[in-house]
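Structure first, commentary second.
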Amino acid sequence: MIDIKNIREQQSLIQDSLRKKDKSISLDNIVEADINLRELTKKLNDLQSEQNQQSKEIGILKSQGKSDESVFAKLKKLSNTIKDLEDEHRTKSKILKDMLLEIPNIPHDSVPIGASEKENVIKKDCSKKKKINFKPKSHIDIAQDLDLIDFEAGAKISGAGFPLYKGNGALLERALINFMIDFHLKNYNYTEFFTPFLVKEKSAITTGQLPKFYEDMYHTEKDKLYLIPTAEVPLTNIHQDDILEVSDLPKYYLANSACFRREAGSYGKDTKGLLRVHQFNKVELVKFVHPTSSYDELESLAKQATKILDLLELDYRIIELCSGDLSFAAAKCYDLEVWAPGEEQWLEVSSCSNFEDFQSRRGNIRFRDDNGKVDYLHTLNGSGLATPRIFAALLETHQNKDGSITIPIALQPYMGLSEIK
RNA sequence: GGAGGCGUGGCAGAGCGGUUGAAUGCACUGGUCUUGAAAACCAGCAAGGGUGAAAGCCCUUCAGAGGUUCGAAUCCUCUCGCCUCCGCCA
């Protein structure tokens, strides 16, 4: 959420910035609603002040046994006027807040300007272009040949997009998760969590999934809970409504979780295999940091995630997203993509974003600085990493001509195997 | 699912429907004292909004949302959370 005060003071500047993300955005309605609301607030405050004062006087008189009931009728009228204004105020604040919740975050100045993913910038290509001197199979064929995933059974149980990992496939999935968690814990100062997978609406508003992307989320009708699309949601909301001490920052949190995505609007795209599924596992990294350090933290976050790819011996590149491709809540974002030689395409396996104070404002996550001043902190998150596409790229990259898969050395202790055949 | 209890400032814990944003204690911050520290003593110590150059002034907030009343932390209703007992269950 953008601070209404900023919008008020520099509407055109902010609007121009937002249009780098989405050309159709206008702040006119918001500014008008804000002016309107403040007028109402002032009127209401004045009346409340009057009411408070007069009620106090009555109290004093009464304590002296000199109560004068003749003013009651007048005050009753005032009281009713205030009630009406309060109703109006409530309604109008809610409307303004709802409008603000629909406004995306402002892209950072360093973000390249562009309308779509075509204008994303390849920041670094770290692929070694490992030679495969035979026609590589797709991960779907490999998984079927080695009996790692039963897509049909998954579809029977839950529908398309719910892969059923089996045997060494299930083992590989588990190994990947454990390897990644251990790597982050061993090398960086993270606290591990295991979170709820269902969250309240409020939590999904904090991180920016709601209200705008309601259609993308699974939710339970009776209890009005939402299945998390990423552990970012519960992790970030750990500090909902908290005021942290500056000495507690930065805080680094990590969790593996199942992630649930309806993928509404992408029917027919990547329907086969592991490239786009409704449920997958992801190790998520979340940072709560001081506002002055958040861009340094973003660089280190992205770097950290790439180390996993190095250790898994995968070809990857780092993409700097252009303004038009930035997600709703992000001010700046790097995507990591791995090369899948069977599919012959780059697969997004991680998104590392700085949200600045966008989420902290929504979730009321603040810190007290050295001077005792309270302010919103900055939040970041990054996948470290999402398994299904890693799983796919790993099979396709490390396949051998005889159909077997060589397990990267870093993963072997977790598999107890050096190859799958 | 049934029965009951509870929810007040960073924490603990008062609070008769009327200057209660809220006693008191602890913690914290500043000061006095001390060679230094501790102790003692003094002072300060919520967040949000509006207005203002600032000091200040005004408003809101005692889990959340409504209601009663001239006036609500205090009374009523609902919701949420926590605890205890019973039932069910991994």
Side-chain angles (χ1 to χ4, degrees), chain A residues 1-9 30-101 194-206 210 219-226 234 237-249 251 258 288 357 359-377:
Chain A
M1 198 159 62
I2 303 175
D3 189 352
I4 183 66
K5 275 190 243 165
N6 286 344
I7 294 179
R8 195 182 293 158
E9 280 157 22
I30 287 183
V31 168
E32 198 189 319
D34 175 52
I35 291 171
N36 212 292
L37 183 66
R38 270 186 305 151
E39 261 170 41
L40 185 63
T41 305
K42 183 149 180 21
K43 207 155 112 190
L44 179 60
N45 278 0
D46 290 347
L47 292 179
Q48 281 170 328
S49 178
E50 193 185 332
Q51 184 186 43
N52 286 344
Q53 210 175 331
Q54 302 226 27
S55 292
K56 242 173 227 172
E57 278 170 25
I58 291 177
I60 292 168
L61 284 179
K62 216 162 197 184
S63 69
Q64 300 168 342
K66 292 191 278 189
S67 74
D68 173 9
E69 313 228 332
S70 67
V71 290
F72 281 16
K74 203 179 112 204
L75 281 182
K76 176 75 185 168
K77 215 170 139 194
L78 178 62
S79 169
N80 285 336
T81 311
I82 287 173
K83 247 166 222 163
D84 290 346
L85 283 183
E86 277 173 345
D87 276 346
E88 193 185 342
H89 192 266
R90 241 193 311 272
T91 311
K92 288 189 169 167
S93 317
K94 172 92 166 54
I95 290 171
L96 177 60
K97 174 129 198 243
D98 286 349
M99 285 196 281
L100 281 170
L101 287 176
F194 191 78
T195 72
F197 291 177
L198 285 99
V199 296
K200 294 182 193 170
E201 181 188 39
K202 173 80 205 296
S203 299
I205 287 175
T206 298
L210 292 178
H219 78 279
T220 65
E221 238 173 88
K222 274 193 182 152
D223 301 298
K224 289 191 188 125
L225 293 170
Y226 294 79
N237 279 285
I238 289 171
H239 290 303
Q240 191 188 108
D241 291 322
D242 282 353
I243 299 178
L244 304 177
E245 294 305 320
V246 68
S247 55
D248 291 337
L249 301 180
K251 276 184 183 289
F288 300 86
D357 63 2
Q359 294 182 327
S360 62
R361 202 175 283 284
R362 289 172 159 246
N364 201 26
I365 307 170
R366 297 170 293 172
F367 76 105
R368 197 185 310 277
D369 71 16
D370 289 324
N371 303 318
K373 212 174 141 267
V374 173
D375 199 3
Y376 296 100
L377 48 73

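So that the names make sense, note that chain A is the first sequence line, chain B the second, and so on, each numbered from 1.
- In the 5' to 3' direction, nucleotides of RNA chain B lying under 4.0 Å from heavy atoms of chain A begin and end at B/G18 to B/G71.
- If you find the closest nucleotide of RNA chain B to A/Gln51 and to A/Arg366, the one lying nearer the 5' end belongs to A/Arg366.
- As rounded to the nearest Å, B/G2 and B/G87 have C1' atoms that lie 8 Å from one another.
- Among the atoms of the strands shown, none is found under 4.0 Å from any heavy atom of A/Gln54.
- A salt bridge links A/Arg361 with A/Asp357: at least one charged nitrogen is closer than 4.0 Å to a carboxylate oxygen.
- Of the C1' atoms belonging to B/C58 and B/G21, the separation is 15 Å, rounded to the nearest Å.
- A salt bridge does not link A/Glu9 to A/Lys5: none of the charged side-chain nitrogens sits closer than 4.0 Å to a carboxylate oxygen.
- Contacts between residues 75-89 of chain A and RNA chain B, defined by a heavy-atom separation under 4.0 Å, are made by A/Leu75, A/Lys76, A/Ser79, A/Lys83.
- Using a 4.0 Å heavy-atom distance criterion, A/Asn52 is classed as a sugar-phosphate-only contact.
- No donor-acceptor distance shorter than 3.5 angstrom exists from the side chain of A/Ser360 to the backbone of A/Tyr376, with no hydrogens or angles considered.
- B/G10 and B/A22: their P atoms are spaced 15 Å apart (whole Å).
- Atom P of B/A72 sits at a distance of 29 Å from the matching atom of B/G52, rounded to the whole Å.
- For the P atoms, the distance from B/C6 to B/G15 is 13 Å, rounded to whole Å.
- Annotation: of the two residues near RNA chain B, A/Gly59 and A/Gln48, the 5′-most nearest-nucleotide partner is A/Gly59.
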Point to revise | Test log, rule salt bridge (Lys or Arg N to Asp or Glu O under 4.0 Å), inputs A/Lys83 and A/Asp87 | key: CA-CA 6 Å; A/Lys83 247 166 222 163; A/Asp87 276 346; over 6 Å; no
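- For the P atoms, the distance linking B/G48 with B/A40 amounts to 33 Å, nearest Å.
- The C1' atoms of B/U32 and B/G25 are separated by 23 Å, rounded to the nearest whole Å.
- Residue contacts shown for A/Arg8 are limited to sugar-phosphate atoms, with no base heavy atom under 4.0 Å away.
- On the P atoms, B/C28 is 23 Å away from B/U8, given to the nearest whole Å.
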